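Take a look at the structure set out below.
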Amino acid sequence: MSARAVRVHAPAKINLRLGVGPAREDGFHPLGTVYLALDWRDAVTVRAADHWSLEVTTDVPERVDLAGVPAADDLADNLAVRAARLLAAHVGVDQPLAIHIDKAIPVAGGLAGGSADAAAALVAADRLWGTGLGRAELLELAGRLGSDVPFALLGGAALGEGRGEVVTPLPVGATWWWVVLPDPDGLSTPAVYAAYDRLLGEGYFSPAGTAVPAGLAAALAAGDPAALAPYLVNDLTIPAASLRPELADRLAAGAAAGVLAPLLSGSGPTCLFLCGSAQHADAVVRVLADRGLDGALVCSGPTPGALDAVEELA
Ligand code: ATP
(Lines give C-alpha, C1' and ligand atoms only; values in the text may rest on other atoms or scores of the structure.)
Protein backbone atom coordinates (compact mmCIF):
# COMPACT_ATOMS: atom_id res chain seq x y z
CA MET A 1 0.00 0.00 0.00
CA SER A 2 1.34 3.44 -0.81
CA ALA A 3 1.98 5.95 2.00
CA ARG A 4 -0.70 8.44 3.04
CA ALA A 5 1.94 11.00 3.87
CA VAL A 6 5.65 11.40 3.30
CA ARG A 7 8.10 13.36 5.43
CA VAL A 8 11.52 14.35 4.13
CA HIS A 9 14.31 16.14 5.98
CA ALA A 10 16.74 18.39 4.13
CA PRO A 11 19.91 19.99 5.51
CA ALA A 12 21.29 23.51 5.73
CA LYS A 13 24.32 24.00 3.53
CA ILE A 14 27.50 25.91 4.01
CA ASN A 15 30.09 26.78 1.38
CA LEU A 16 33.59 25.77 2.50
CA ARG A 17 34.84 27.93 -0.30
CA LEU A 18 32.68 30.33 -2.28
CA GLY A 19 34.37 31.71 -5.37
CA VAL A 20 32.24 34.17 -7.34
CA GLY A 21 32.92 35.49 -10.85
CA PRO A 22 31.48 38.55 -12.62
CA ALA A 23 27.80 38.23 -13.64
CA ARG A 24 27.09 36.22 -16.81
CA GLU A 25 24.87 37.44 -19.67
CA ASP A 26 21.86 35.75 -18.00
CA GLY A 27 22.50 37.78 -14.82
CA PHE A 28 23.69 34.81 -12.75
CA HIS A 29 27.15 34.82 -11.22
CA PRO A 30 29.38 31.84 -12.02
CA LEU A 31 30.45 30.02 -8.86
CA GLY A 32 33.25 27.68 -7.93
CA THR A 33 32.23 26.29 -4.57
CA VAL A 34 32.48 23.32 -2.23
CA TYR A 35 29.29 22.59 -0.35
CA LEU A 36 28.96 20.82 2.98
CA ALA A 37 25.59 19.71 4.42
CA LEU A 38 25.20 20.56 8.10
CA ASP A 39 23.40 18.53 10.73
CA TRP A 40 20.64 21.13 10.93
CA ARG A 41 17.43 20.29 9.06
CA ASP A 42 13.99 21.43 7.99
CA ALA A 43 11.27 18.77 7.63
CA VAL A 44 8.64 18.86 4.90
CA THR A 45 5.56 16.62 5.14
CA VAL A 46 3.14 16.18 2.22
CA ARG A 47 -0.32 14.56 2.12
CA ALA A 48 -2.82 14.20 -0.70
CA ALA A 49 -5.63 16.77 -0.33
CA ASP A 50 -8.49 18.28 -2.31
CA HIS A 51 -6.83 21.67 -2.56
CA TRP A 52 -3.30 23.09 -2.15
CA SER A 53 -2.50 24.27 1.36
CA LEU A 54 0.61 25.21 3.35
CA GLU A 55 1.42 25.43 7.03
CA VAL A 56 4.82 26.65 8.26
CA THR A 57 5.86 26.15 11.91
CA THR A 58 9.03 26.21 14.00
CA ASP A 59 10.13 24.93 17.39
CA VAL A 60 12.92 27.53 17.53
CA PRO A 61 11.24 30.94 17.08
CA GLU A 62 14.33 32.64 18.54
CA ARG A 63 16.28 31.54 15.45
CA VAL A 64 13.64 31.26 12.73
CA ASP A 65 11.69 34.37 11.80
CA LEU A 66 8.58 32.93 10.17
CA ALA A 67 7.53 36.44 9.07
CA GLY A 68 10.08 36.08 6.25
CA VAL A 69 8.61 32.83 4.89
CA PRO A 70 5.76 32.77 2.36
CA ALA A 71 2.96 30.76 4.03
CA ALA A 72 -0.78 30.08 3.57
CA ASP A 73 -1.64 33.53 2.18
CA ASP A 74 1.09 33.55 -0.45
CA LEU A 75 1.75 29.85 -0.76
CA ALA A 76 2.57 30.01 -4.47
CA ASP A 77 5.78 31.91 -3.56
CA ASN A 78 7.01 29.26 -1.15
CA LEU A 79 9.82 27.22 -2.65
CA ALA A 80 8.38 23.95 -1.31
CA VAL A 81 5.06 24.57 -3.08
CA ARG A 82 6.86 25.66 -6.24
CA ALA A 83 8.88 22.45 -6.17
CA ALA A 84 5.84 20.18 -5.77
CA ARG A 85 3.95 22.04 -8.50
CA LEU A 86 6.93 21.86 -10.85
CA LEU A 87 7.04 18.09 -10.37
CA ALA A 88 3.24 17.82 -10.88
CA ALA A 89 3.48 19.72 -14.17
CA HIS A 90 6.53 17.72 -15.26
CA VAL A 91 4.92 14.31 -14.74
CA GLY A 92 1.32 15.34 -15.51
CA VAL A 93 -0.11 14.66 -12.03
CA ASP A 94 -3.20 16.59 -10.96
CA GLN A 95 -3.17 15.97 -7.21
CA PRO A 96 -3.16 18.90 -4.75
CA LEU A 97 -1.10 18.54 -1.59
CA ALA A 98 -1.35 19.70 1.99
CA ILE A 99 2.24 20.71 2.81
CA HIS A 100 3.67 21.25 6.27
CA ILE A 101 7.13 22.76 6.76
CA ASP A 102 8.80 22.49 10.14
CA LYS A 103 11.62 25.03 9.95
CA ALA A 104 14.81 24.87 12.00
CA ILE A 105 17.11 26.60 9.50
CA PRO A 106 17.25 30.40 9.95
CA VAL A 107 15.56 32.38 7.16
CA ALA A 108 17.74 34.48 4.81
CA GLY A 109 20.76 33.30 6.79
CA GLY A 110 22.98 32.18 3.92
CA LEU A 111 22.19 28.57 4.83
CA ALA A 112 19.80 27.88 1.90
CA GLY A 113 16.84 26.88 4.05
CA GLY A 114 14.36 27.67 1.29
CA SER A 115 16.35 25.49 -1.10
CA ALA A 116 16.34 22.69 1.48
CA ASP A 117 12.54 22.91 1.65
CA ALA A 118 12.31 22.79 -2.15
CA ALA A 119 14.50 19.68 -2.29
CA ALA A 120 12.54 17.99 0.49
CA ALA A 121 9.19 18.77 -1.19
CA LEU A 122 10.42 17.45 -4.53
CA VAL A 123 11.47 14.14 -3.02
CA ALA A 124 8.35 13.88 -0.81
CA ALA A 125 5.93 14.52 -3.68
CA ASP A 126 7.85 12.14 -5.94
CA ARG A 127 7.49 9.39 -3.33
CA LEU A 128 3.83 10.16 -2.49
CA TRP A 129 2.76 10.19 -6.12
CA GLY A 130 4.96 7.21 -6.98
CA THR A 131 6.32 9.06 -9.98
CA GLY A 132 9.65 7.28 -9.45
CA LEU A 133 11.82 9.81 -11.23
CA GLY A 134 15.48 8.90 -11.16
CA ARG A 135 18.15 10.90 -9.42
CA ALA A 136 19.33 12.62 -12.63
CA GLU A 137 15.84 13.90 -13.49
CA LEU A 138 15.24 15.13 -9.92
CA LEU A 139 18.59 16.94 -9.99
CA GLU A 140 17.62 18.60 -13.27
CA LEU A 141 14.26 19.80 -11.86
CA ALA A 142 16.05 20.95 -8.69
CA GLY A 143 18.44 23.09 -10.73
CA ARG A 144 15.46 24.86 -12.31
CA LEU A 145 14.16 25.76 -8.84
CA GLY A 146 17.39 27.33 -7.58
CA SER A 147 21.16 27.11 -7.60
CA ASP A 148 21.41 25.45 -4.16
CA VAL A 149 18.52 22.97 -4.58
CA PRO A 150 20.49 20.14 -6.30
CA PHE A 151 22.99 20.06 -3.43
CA ALA A 152 20.17 19.85 -0.88
CA LEU A 153 19.06 16.65 -2.67
CA LEU A 154 22.53 15.11 -2.41
CA GLY A 155 23.83 16.31 0.94
CA GLY A 156 27.29 15.17 2.01
CA ALA A 157 29.90 17.35 0.36
CA ALA A 158 30.08 18.36 -3.28
CA LEU A 159 31.82 20.56 -5.76
CA GLY A 160 29.39 23.15 -7.16
CA GLU A 161 29.95 24.68 -10.60
CA GLY A 162 27.91 26.65 -13.13
CA ARG A 163 25.81 28.91 -10.90
CA GLY A 164 26.14 26.26 -8.16
CA GLU A 165 23.59 23.84 -9.64
CA VAL A 166 26.11 21.48 -11.28
CA VAL A 167 27.07 19.25 -8.36
CA THR A 168 29.71 16.53 -8.10
CA PRO A 169 29.90 14.56 -4.82
CA LEU A 170 33.23 14.68 -2.98
CA PRO A 171 34.62 12.10 -0.53
CA VAL A 172 34.86 13.26 3.09
CA GLY A 173 37.26 11.69 5.57
CA ALA A 174 35.93 13.08 8.85
CA THR A 175 33.09 14.75 10.69
CA TRP A 176 33.80 18.50 10.71
CA TRP A 177 32.84 20.52 13.75
CA TRP A 178 31.59 24.08 13.51
CA VAL A 179 30.41 26.84 15.73
CA VAL A 180 27.53 28.52 13.93
CA LEU A 181 26.60 32.05 14.94
CA PRO A 182 23.20 32.89 13.45
CA ASP A 183 21.85 36.41 13.14
CA PRO A 184 18.08 36.72 13.54
CA ASP A 185 18.16 39.68 11.15
CA GLY A 186 18.48 38.09 7.67
CA LEU A 187 20.42 39.47 4.73
CA SER A 188 18.99 39.48 1.20
CA THR A 189 21.05 37.38 -1.22
CA PRO A 190 20.26 39.65 -4.24
CA ALA A 191 21.35 42.69 -2.19
CA VAL A 192 24.70 41.03 -1.37
CA TYR A 193 25.30 40.16 -5.05
CA ALA A 194 24.42 43.76 -5.99
CA ALA A 195 27.04 44.93 -3.46
CA TYR A 196 29.52 42.49 -5.05
CA ASP A 197 28.81 43.97 -8.52
CA ARG A 198 29.22 47.50 -7.18
CA LEU A 199 32.52 46.67 -5.45
CA LEU A 200 33.79 44.87 -8.57
CA GLY A 201 33.19 48.10 -10.52
CA GLU A 202 35.30 49.88 -7.91
CA GLY A 203 38.20 47.43 -8.35
CA TYR A 204 37.33 44.74 -5.75
CA PHE A 205 39.33 41.58 -6.35
CA SER A 206 37.61 38.27 -5.45
CA PRO A 207 40.06 36.51 -3.11
CA ALA A 208 38.86 32.98 -3.93
CA GLY A 209 37.90 33.09 -7.62
CA THR A 210 35.94 30.34 -9.34
CA ALA A 211 38.80 27.83 -9.72
CA VAL A 212 38.58 25.47 -6.73
CA PRO A 213 42.08 24.34 -5.67
CA ALA A 214 42.67 20.58 -5.80
CA GLY A 215 44.18 20.76 -2.31
CA LEU A 216 40.75 21.51 -0.84
CA ALA A 217 39.25 18.21 -2.03
CA ALA A 218 42.40 16.42 -0.80
CA ALA A 219 42.11 18.01 2.68
CA LEU A 220 38.41 17.14 2.79
CA ALA A 221 39.13 13.50 1.90
CA ALA A 222 42.02 13.30 4.36
CA GLY A 223 39.84 14.56 7.21
CA ASP A 224 42.46 16.95 8.59
CA PRO A 225 40.86 20.21 9.84
CA ALA A 226 44.18 22.08 10.03
CA ALA A 227 44.84 21.21 6.37
CA LEU A 228 41.31 22.30 5.39
CA ALA A 229 41.41 25.64 7.22
CA PRO A 230 43.56 27.64 4.75
CA TYR A 231 41.11 26.87 1.91
CA LEU A 232 38.08 28.42 3.63
CA VAL A 233 37.43 31.65 1.70
CA ASN A 234 34.21 33.41 0.73
CA ASP A 235 34.18 36.07 -1.99
CA LEU A 236 30.94 37.50 -0.60
CA THR A 237 32.46 38.40 2.79
CA ILE A 238 33.49 41.95 1.90
CA PRO A 239 30.26 42.68 -0.06
CA ALA A 240 28.13 41.38 2.85
CA ALA A 241 30.17 43.34 5.41
CA SER A 242 29.70 46.49 3.29
CA LEU A 243 25.97 46.13 4.06
CA ARG A 244 26.35 44.79 7.63
CA PRO A 245 29.62 46.19 9.08
CA GLU A 246 29.32 44.24 12.36
CA LEU A 247 29.98 41.02 10.41
CA ALA A 248 33.69 41.87 10.29
CA ASP A 249 33.71 42.24 14.10
CA ARG A 250 31.89 38.92 14.57
CA LEU A 251 34.32 37.06 12.32
CA ALA A 252 37.24 38.69 14.13
CA ALA A 253 35.75 37.74 17.53
CA GLY A 254 35.64 34.10 16.41
CA ALA A 255 39.20 34.23 15.12
CA ALA A 256 40.29 35.66 18.48
CA ALA A 257 38.49 32.80 20.26
CA GLY A 258 41.07 30.39 18.84
CA VAL A 259 39.14 28.72 16.00
CA LEU A 260 40.88 27.11 13.02
CA ALA A 261 39.17 29.46 10.56
CA PRO A 262 36.32 32.00 10.54
CA LEU A 263 34.01 31.97 7.51
CA LEU A 264 30.89 33.77 6.36
CA SER A 265 28.12 31.34 5.35
CA GLY A 266 27.01 31.92 1.74
CA SER A 267 25.74 35.49 1.41
CA GLY A 268 25.55 35.84 5.23
CA PRO A 269 24.82 36.96 7.81
CA THR A 270 25.45 33.60 9.59
CA CYS A 271 29.09 33.29 10.72
CA LEU A 272 30.87 29.93 10.88
CA PHE A 273 33.95 28.90 12.81
CA LEU A 274 35.82 25.69 12.00
CA CYS A 275 36.92 23.82 15.11
CA GLY A 276 39.12 20.76 15.61
CA SER A 277 36.65 18.67 17.63
CA ALA A 278 33.25 18.76 19.36
CA GLN A 279 34.97 19.72 22.64
CA HIS A 280 36.85 22.54 20.95
CA ALA A 281 33.55 23.81 19.47
CA ASP A 282 31.85 23.71 22.92
CA ALA A 283 34.71 25.75 24.36
CA VAL A 284 34.45 28.34 21.57
CA VAL A 285 30.70 28.74 22.20
CA ARG A 286 31.50 29.57 25.84
CA VAL A 287 34.22 32.08 24.88
CA LEU A 288 31.86 33.82 22.43
CA ALA A 289 29.13 33.99 25.09
CA ASP A 290 31.61 35.54 27.55
CA ARG A 291 32.29 38.19 24.90
CA GLY A 292 28.60 38.98 24.51
CA LEU A 293 27.98 36.90 21.35
CA ASP A 294 25.05 34.75 22.46
CA GLY A 295 23.14 32.16 20.45
CA ALA A 296 26.11 30.31 18.93
CA LEU A 297 25.54 26.59 18.36
CA VAL A 298 27.66 23.57 17.63
CA CYS A 299 26.90 21.84 14.32
CA SER A 300 28.62 19.11 12.38
CA GLY A 301 28.69 17.82 8.85
CA PRO A 302 28.45 16.11 6.48
CA THR A 303 24.90 14.84 6.76
CA PRO A 304 22.63 13.18 4.15
CA GLY A 305 20.53 15.12 1.66
CA ALA A 306 16.80 14.91 0.96
CA LEU A 307 17.18 11.85 -1.31
CA ASP A 308 18.39 9.84 1.68
CA ALA A 309 16.10 11.20 4.40
CA VAL A 310 12.64 9.95 3.39
CA GLU A 311 10.03 8.62 5.85
CA GLU A 312 6.70 7.13 4.78
CA LEU A 313 3.94 7.84 7.31
CA ALA A 314 0.81 5.75 7.78
P1 ATP B 1 19.36 31.99 -0.79
O2 ATP B 1 18.87 30.57 -0.79
O3 ATP B 1 18.60 32.92 -1.69
O4 ATP B 1 20.84 32.13 -0.85
P5 ATP B 1 19.25 32.20 2.08
O6 ATP B 1 19.87 30.89 2.23
O7 ATP B 1 19.99 33.35 2.69
O8 ATP B 1 18.98 32.57 0.61
P9 ATP B 1 16.52 31.32 2.57
O10 ATP B 1 16.13 31.00 3.98
O11 ATP B 1 16.66 30.20 1.63
O12 ATP B 1 17.80 32.23 2.64
O13 ATP B 1 15.39 32.36 2.06
C14 ATP B 1 15.54 33.34 1.09
C15 ATP B 1 14.17 33.92 0.76
O16 ATP B 1 13.38 32.93 0.08
C17 ATP B 1 13.32 34.29 1.98
O18 ATP B 1 13.55 35.61 2.35
C19 ATP B 1 11.87 34.05 1.52
O20 ATP B 1 11.29 35.24 1.04
C21 ATP B 1 11.98 33.09 0.34
N22 ATP B 1 11.40 31.74 0.59
C23 ATP B 1 10.58 31.07 -0.23
N24 ATP B 1 10.28 29.85 0.26
C25 ATP B 1 10.92 29.74 1.43
C26 ATP B 1 11.01 28.69 2.40
N27 ATP B 1 10.36 27.53 2.27
N28 ATP B 1 11.78 28.93 3.47
C29 ATP B 1 12.46 30.11 3.61
N30 ATP B 1 12.39 31.13 2.73
C31 ATP B 1 11.63 30.94 1.64
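The first residue of the sequence shown is numbered 1, and numbering continues consecutively from there. One-based numbering, in listed order, for ligands and for the atoms of each. Owing to the predicted nature of the structure, the values given are computational and were not obtained by experimental measurement.
Using a 4.0 Å heavy-atom cutoff, Gly266 is absent from the residues neighbouring ligand 1. Taking a 4.0 Å cut-off on heavy atoms, Lys103 registers as neighbouring ligand 1.
Within the model, atoms OG of Ser300 and CG of Asp39 stand 4.5 Å from one another, a figure rounded to the nearest 0.5 Å. The distance from atom CG of Leu307 to atom CZ of Arg127, rounded to the nearest 0.5 Å, is 10.0 Å. Here the OG-NZ distance, from Ser115 to Lys13, works out to 8.0 Å after rounding to the nearest 0.5 Å.
Considering backbone and side-chain atoms alike, Ile101 places every N or O at 3.5 Å or more from each N or O of ligand 1. Taking only nitrogen or oxygen atoms, main chain and side chain alike, Ala108 reaches within less than 3.5 Å of ligand 1. For the pair Ala80 and ligand 1, the shortest N or O to N or O distance does not fall below 3.5 Å.
Taking 4.0 Å as the cut-off between side-chain N and carboxylate O, Asp183 and Arg244 count as a salt-bridged pair.
Ser267 and Tyr196 are not linked by any side-chain donor-acceptor pair at a separation below 3.5 angstrom, with hydrogens and angles left out of the test.
Proximity of Thr189 to ligand 1, defined as any heavy-atom pair under 4.0 Å, is confined to the side chain (atoms from C-beta onward). Counting heavy atoms closer than 4.0 Å to ligand 1, residue Ile105 contributes nothing at all. With a heavy-atom cut-off of 4.0 Å, Leu111 touches ligand 1 through its backbone alone. Heavy atoms of Asp117 found under 4.0 angstrom from ligand 1 belong exclusively to the side chain.
A 6.0 Å sphere centred on CD of Glu202 holds more than 12 heavy atoms belonging to other residues, nucleotides or ligands. Under a cut-off of 6.0 angstrom, the local environment of CG in Asp26 is crowded, with over 12 non-hydrogen atoms contributed by other residues, nucleotides or ligands.
Residues Leu247 and Leu187 form a side-chain contact, since some pair of their non-hydrogen atoms from C-beta on lies under 4.5 Å apart.
For ligand 1, the atoms closer than 4.0 angstrom to any heavy atom of Val107 are 10 (O). Distances below 4.0 Å separate heavy atoms of Asp77 from the following atoms of ligand 1: 23 (C). Ligand 1 places these atoms under 4.0 Å from at least one heavy atom of Gly110: 5 (P), 6 (O), 7 (O). In the vicinity of Gly109, heavy-atom distances shorter than 4.0 Å reach the ligand 1 atoms 7 (O), 12 (O).
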Go through the steps to decide whether Trp129 and Leu87 satisfy the test side chain to side chain contact (heavy atoms under 4.5 Å, CB included), and finish with yes or no. CA-CA 10 Å; Trp129 292 330; Leu87 179 65; 3.9 Å; yes
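Considering Ala67, Pro70, Gly114, Ser267 only, the shortest heavy-atom separation from atom 22 (N) of ligand 1 involves Pro70.
Protein non-hydrogen atoms do reach within 4.0 Å of atom 1 (P) of ligand 1. Protein heavy atoms are found inside the 4.0 Å sphere centred on atom 26 (C) of ligand 1.
Protein heavy atom nearest atom 16 (O) of ligand 1, with residue, atom name and distance: Leu79 CD1, 4.7 Å. Counting protein heavy atoms only, atom 6 (O) of ligand 1 is closest to Ala112 N, 2.6 Å. Residue, atom and distance of the protein heavy atom nearest to atom 17 (C) of ligand 1 are Gly68 O, 3.8 Å.
Residues Leu274 and Leu236 are members of separate hydrophobic clusters, defined by side-chain heavy-atom contacts under 4.5 angstrom among Ile, Leu, Val, Met, Phe, Trp and Tyr.
Under the 30°/60° scheme for interplanar angles, the aromatic rings of Phe151 and Tyr35 are found to lie parallel.
Partner Leu18 forms a side chain to side chain contact (heavy atoms under 4.5 Å, CB included) with one of Val34, Leu232, Thr33, Leu263 and no other, that one being Thr33.
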